[in-house]
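Notes to accompany the following structure.
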Amino acid sequence: MTHLLKKLLIFLLLCTLLGFFFSTQRHAETTVHKEDWLKIQNDRKTRLDSICLSKNLTNLKRKLNVQVSRQLFVDENYKFIYCEVPKVGCSNWKKIVLLLMLNLSRDTFEVSQKEIHKTNLLKRLSSYPPKQQEELLNSFTKVMFTRHPLERLVSAYRDKLLGNEPYYSGTVANQIKALFRKGKNFTGAVTFQEFVNYIVTSNKEYLDVHWKPMSLLCDPCNIQYDILGKYETLEDDVNHTLNRIRAPEIIRYPDSKFYPQRTNKNLTTQYLRKMDWNQIQKLMELYQIDFSLFNYTFTAEMKMSFSG
Ligand SMILES: *[C@@H]1O[C@H](CO)[C@@H](O)[C@H](O)[C@H]1NC(C)=O
Ligand SMILES: *[C@@H]1O[C@H](CO)[C@@H](O)[C@H](O)[C@H]1NC(C)=O
Ligand SMILES: *[C@@H]1O[C@H](CO)[C@@H](O)[C@H](O)[C@H]1NC(C)=O
Ligand SMILES: *[C@@H]1O[C@H](CO)[C@@H](O)[C@H](O)[C@H]1NC(C)=O
Ligand SMILES: *[C@@H]1O[C@H](CO)[C@@H](O)[C@H](O)[C@H]1NC(C)=O
Ligand SMILES: *[C@@H]1O[C@H](CO)[C@@H](O)[C@H](O)[C@H]1NC(C)=O
């Protein structure tokens, strides 16, 4: 493998793992100095620990849940473990960026993607023997990124239910329609209300990873993450994370023009406005632990959509 390709694989890895998205605050000069960033990290961890304790969510004796260990990706080169929270990551544009960087045609890219799978740079923690899993968790830098639960939900709905992945726009959508459309009229996309009704009436342990609560995906009360990143402060958190794991200089932010439409607060508020108070309360119940562990709030704007 050429040196460049290797670097690019690392880039892909980090892109997949760290999943940076462009935030609208990108131009707001948000660079946070290391000491300040460390203090924020410390505040986030302290908050999380105290809530885990007060809500009795810590269970030291329990073995690592297999579903959780499947969310954890291990990079042995840079000695870090990343918990994947879908919808807090880069999805489409990482390919564009890679294509640009490799200066390749799509065909060539498909080939090199197969190569990537072969190289085993990315391994799930679950693929290691149990004893080694424990060792890795104890010695590697553990990273988790979160996002406002309702913004993540709206983003998942738009991407998956309104998108054109056959599994979601077909199979999952039809399941939802079968459940909520009495007349069995399957025309038209699943509405956000139908989607929410489906989610709040499902068993949360079995929810799809795109809308399963982040705390269930990554179990932060039992895995001591070294870095608690946020989509809301993504660029800073990614930069400091990359420094911490000593990632190579080649890691750069792609230009925002390659960034597809972002689910912002306004959009989230618009979707929330379509729901009734009962649905909102059920959603808040489902994501309550996420809200409190990761310090998210049901904002004033969100509340205002229901005051009328
Ligand atoms: C993050 O790092 C990139 C590349 O080193 C730099 O261009 C960018 O300004 C940094 N962003 C922040 C918010 O520090
Ligand atoms: C929680 O969020 C609020 C508002 O966003 C912020 O001021 C506060 O510092 C955060 N607390 C922690 C522990 O992160
Ligand atoms: C905390 O949870 C454990 C099980 O996870 C249970 O055995 C224990 O009784 C709980 N303690 C309290 C104080 O609720
Ligand atoms: C990228 O490819 C195009 C055409 O395939 C070529 O014109 C261009 O010089 C290449 N750029 C680099 C940096 O290799
Ligand atoms: C089925 O629903 C769609 C939109 O939800 C509507 O446009 C259409 O008229 C309905 N068809 C029947 C047969 O009810
Ligand atoms: C968001 O909504 C507010 C008022 O509802 C409006 O002033 C603002 O321009 C909107 N921002 C975007 C990016 O659409």
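Every number for a ligand or one of its atoms is a count from 1 in the order of the listing. Keep in mind that this is a model prediction, so the values were computed, not measured.
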Check: every ligand 2 N/O to protein N/O pair under 3.5 Å:
residue  : atom   : partner : partner atom : Å
ligand 2 : 2 (O)  : Asn295  : OD1          : 3.3
ligand 2 : 2 (O)  : Asn295  : ND2          : 2.3
ligand 2 : 11 (N) : Asn295  : ND2          : 2.8
ligand 2 : 14 (O) : Asn295  : ND2          : 3.2

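Ring orientation note: the planes of Phe145 and Tyr82 are tilted relative to one another, at an angle of 30° to 60°.
Shown here are the side-chain contact (heavy atoms from CB on, under 4.5 Å) partners of Val68, two or more places apart in sequence or in another chain: Leu64, Asn65, Leu72, Asp219, Ile223.
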Handout entry: Pair Arg147-Glu232, salt bridge (charged side-chain N to carboxylate O under 4.0 Å, His left out): steps then yes or no
Key = CA-CA 7 Å; Arg147 182 180 186 179; Glu232 291 75 9; 5.5 Å; no
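Evaluated for a side-chain hydrogen bond (donor to acceptor under 3.5 Å, both in side chains) with Trp37, the options Asp237, Thr233, Asn243, Asn42 yield exactly one hit, Asp237.
With no hydrogens or angles considered, a side-chain donor-acceptor pair links Asp290 and Ser215 at under 3.5 Å. A donor-acceptor pair shorter than 3.5 Å cannot be found between the side chains of Lys212 and Gln71.
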